[in-house]
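Hydrogens, waters and symmetry mates play no part in the numbers below; they use all other heavy atoms, side chains included.
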Number of protein chains: 2
Amino acid sequence: MSPEENPVPPAAPGKKKLSREIVLSAALSLVDSEGLDALTMRRLGQELGRDPMALYRYAENRAALLDGVSELVLNELAIFPDDPDWQAQLRRIAHDLRELALRHPNVVPLLVTRPLSTPLGLRPLGTLRPLEQILSLLIEAGFAPADALHVYRAYYGYLYGHILNELQEFVVDPDENEALLRLGLHRLPPKDFPRLRTLAPVLADYDGKAELDEGITILLSGLAARLSPET
Amino acid sequence: MSPEENPVPPAAPGKKKLSREIVLSAALSLVDSEGLDALTMRRLGQELGRDPMALYRYAENRAALLDGVSELVLNELAIFPDDPDWQAQLRRIAHDLRELALRHPNVVPLLVTRPLSTPLGLRPLGTLRPLEQILSLLIEAGFAPADALHVYRAYYGYLYGHILNELQEFVVDPDENEALLRLGLHRLPPKDFPRLRTLAPVLADYDGKAELDEGITILLSGLAARLSPET
DNA sequence: CGCCTAGAGTCTACATTGTAGAGACGTCTT
DNA sequence: AAGACGTCTCTACAATGTAGACTCTAGGCG
């Protein structure tokens with residue numbers, strides 16, 4: 001009568017063995033849907049139908065779990081270090097990363113914050129992969145290694161900056177987008193913030209994609225100037 | 001015999017009345033010296049010789065306290081919106097903000113993260129001041145208001161990005177700067193991270209100031225191009 | 001077939017955190 | 001003198017991360 005009975009284990013609801021990927025992706029979807037604060041050990045345990053303590057077999061502690069989530073997200077980013085057209089590649093990566101951030105806005109604080117408290121060499125490897133691959137891309141495009149590093153920094157710096165900017169204005173509360181924005185701005189004392197208040201309508205329709213693209217164009221052309229004189 | 005006796009209150013150790021500024025700057029120095037995690041209500045209370053609960057008179061809750069700290073730090077940043085040389089002004093602000101960040105590295109996560117969960121209009125006013133003033137600077141320099149906003153975004157985006165980049169490599173553990181960096185890198189599997197490992201020495205001497213300046217130059221010249229055609 | 005071992009998951013317990021609510025204490029006003 | 005108010009303290013509680021000992025199951029070996 002109940003075809004759902006799992007024959008092997010005690011047939012509890014959906015109770016196959018856990019695994020790191022299962023745990024991490026459950027964590028990610030929790031963060032995506034309810035925010036970083038909702039990711040507590042107890043809650044995640046409950047989500048997986050397990051005692052919270054079971055999780056410690058797959059992540060040493062909460063911080064490691066957060067790192068795991070970062071890694072998981074960054075793995076969604078594809079980079080092709082062999083593309084001969086490095087500018088096009090960097091531009092595409094920028095847009096991809098932007099969309100990734102919009103898809104997982106609650107993870108962005110992690111991406112930005114965790115490396116600040118972890119020296120380069122101790123970070124989760126998945127986190128370093130983009131760095132390595134972009135370096136590779138640039139070096140193969142003809143940059144001297146040291147220059148590649150400089151270019152990477154300027155590029156990634158701008159890119160992260162843009163994403164942070166855009167997310168800040170996105171009004172995390174997705175319900176009352178424009179209304180609340182203006183309402184919010186309405187609270188500002190007009191004497192001290194005339195410009196901001198005037199710009200409210202412009203703020204409201206922010207085309208992040210176009211703006212990113214422009215910025216990247218400016219940056220790339222500036223950076224390319226470094227390459228051309230010596231090629 | 002004890003000239004330090006406070007005549008008025010029960011003469012407890014250093015017990016004049018608290019004030020928001022006192023609380024906030026105690027919070028800031030705690031964060032500066034021991035990191036964000038050390039800033040608990042209890043600890044801060046102890047630092048001020050008060051019951052933790054006393055703090056709630058000066059900040060509604062912990063989050064508000066963090067906002068206060070952000071504000072306090074950003075107030076250290078001077079902006080002169082009337083400077084006719086907007087490029088020079090932006091360049092100086094960039095360097096000032098960078099140094100501010102290096103002076104208060106533990107606050108940077110706050111600066112970056114808190115706005116992500118607070119809509120524009122509800123942020124602490126001190127946090128919005130730089131935005132307003134830079135807009136003012138640009139508009140007075142001849143940019144159309146909407147363009148000023150674009151320029152601001154590109155500029156601030158790059159600036160924050162750079163600061164994050166630089167802090168990430170600074171190895172927060174200030175004791176064993178270069179050694180630990182290389183040791184850390186040494187752990188990376190050579191097959192997967194050849195570029196990064198090769199670049200270790202270059203990574204080690206990162207001249208953040210120069211690099212910021214170059215980036216700003218590139219950006220400013222790109223941005224100025226927008227202004228000139230119509231002036 | 002019985003036992004043993006190892007790994008996965010659970011249970012209990014504890015220190016630490018933010019913060020609500022009621023009260024204590026002092027100072028100022030009238 | 002009395003009351004009101006602002007500042008601070010005390011007590012208490014729910015929630016969190018996580019250590020340590022336990023249970024349970026599956027599989028290997030005699």
S.K.: To the nearest angstrom, how far is B:Leu44 atom CG from D:dC8 atom P?
M.R.: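 For the pair B:Leu44 CG and D:dC8 P, the rounded distance is 13 Å.
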
S.K.: Kindly point out which of D:dT9, D:dC8, D:dA19 is positioned nearest to the side chain of A:Met53?
M.R.: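 Looking only at side-chain atoms, A:Met53 lies closest to D:dA19.
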
S.K.: Look at B:Tyr56 and C:dG18 and indicate whether a side-chain polar atom (N or O) is within less than 4.0 Å of OP1 or OP2.
M.R.: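 Indeed not, no polar side-chain atom of B:Tyr56 lies that close.
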
S.K.: Does any N or O donor sit under 3.5 Å from an N or O acceptor when you compare the side chain of A:Arg57 with the base of C:dG7?
M.R.: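 Side chain to base: no pair below 3.5 Å.
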
S.K.: Without decimals, in angstroms, what is the distance between A:Asp51 CG and D:dC24 P?
M.R.: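 After rounding, the gap between these two atoms is 14 Å.
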
S.K.: Rounding to a whole Å, what distance do you find between B:Tyr58:OH and D:dG6:P?
M.R.: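 Distance, rounded to whole Å: 12 Å.
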
S.K.: Figure out the CE/P separation between A:Met41 and C:dA13, and round it to whole Å.
M.R.: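 Going from A:Met41 (CE) to C:dA13 (P), I get 21 Å.
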
S.K.: Given the ring of A:Tyr206, does B:Arg153 sit roughly above its face, with NZ or CZ under 6.0 Å from the centre of the six-membered ring and within 45° of the axis?
M.R.: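 Flagged: B:Arg153 positioned over aromatic ring of A:Tyr206.
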
S.K.: So if I take every side-chain heavy atom of A:Asn61 and compare against C:dT10, C:dG18, D:dT18, which nucleotide ends up nearest?
M.R.: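 Closest nucleotide to the A:Asn61 side chain: D:dT18.
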
S.K.: Short question: side chain of A:Asp96, backbone of A:Leu77 - any donor-acceptor pair under 3.5 Å?
M.R.: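 Not at all, since once roles are kept as given, no pair shorter than 3.5 Å links the two residues.
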
S.K.: In whole Å, I'd like the distance from the CG atom of B:Leu18 to the C1' atom of C:dG26.
M.R.: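 Nearest whole value for this atom pair: 15 Å.
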
S.K.: Over how many whole Å does the gap from B:Glu60 atom CD to C:dG18 atom P extend?
M.R.: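 Between P of C:dG18 and CD of B:Glu60: 16 Å.
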
S.K.: Applying a 4.0 Å non-hydrogen cut-off, can you work out what A:Arg62 is touching in the nucleic acid: base, sugar-phosphate, or nothing?
M.R.: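 Sugar-phosphate only.
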
S.K.: Any side-chain to backbone donor/acceptor pair from A:Arg62 onto A:Leu39? Under 3.5 Å, distance only.
M.R.: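 It does hold such a pair.
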
S.K.: Is B:Arg43 paired with B:Glu34 through a side-chain N to carboxylate O contact shorter than 4.0 Å?
M.R.: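 So B:Glu34 pairs with B:Arg43 through a salt bridge.
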
S.K.: Between A:Arg42 and B:Thr40, which residue's closest nucleotide on DNA chain C lies nearer the 5′ terminus?
M.R.: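 First, find each residue's nearest nucleotide; the 5'-ward one identifies A:Arg42.
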
S.K.: Does a side-chain N-to-carboxylate-O contact under 4.0 Å join A:Glu76 and A:Arg103?
M.R.: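 The answer is yes: the pair qualifies as a salt bridge.
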
S.K.: Whole-Å distance between D:dT9 C1' and B:Leu48 CG?
M.R.: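 That distance rounds to 15 Å.
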
S.K.: From C-beta outward on A:Lys17, which listed nucleotide comes closest to its side chain: C:dT12, D:dC8, C:dA8?
M.R.: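 Among C:dT12, D:dC8, C:dA8, the one nearest the side chain of A:Lys17 is C:dA8.
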
S.K.: Could you tell me how far apart A:Asp37 (CG) and D:dG17 (P) are, to the nearest whole angstrom?
M.R.: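 Going from A:Asp37 (CG) to D:dG17 (P), I get 10 Å.
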
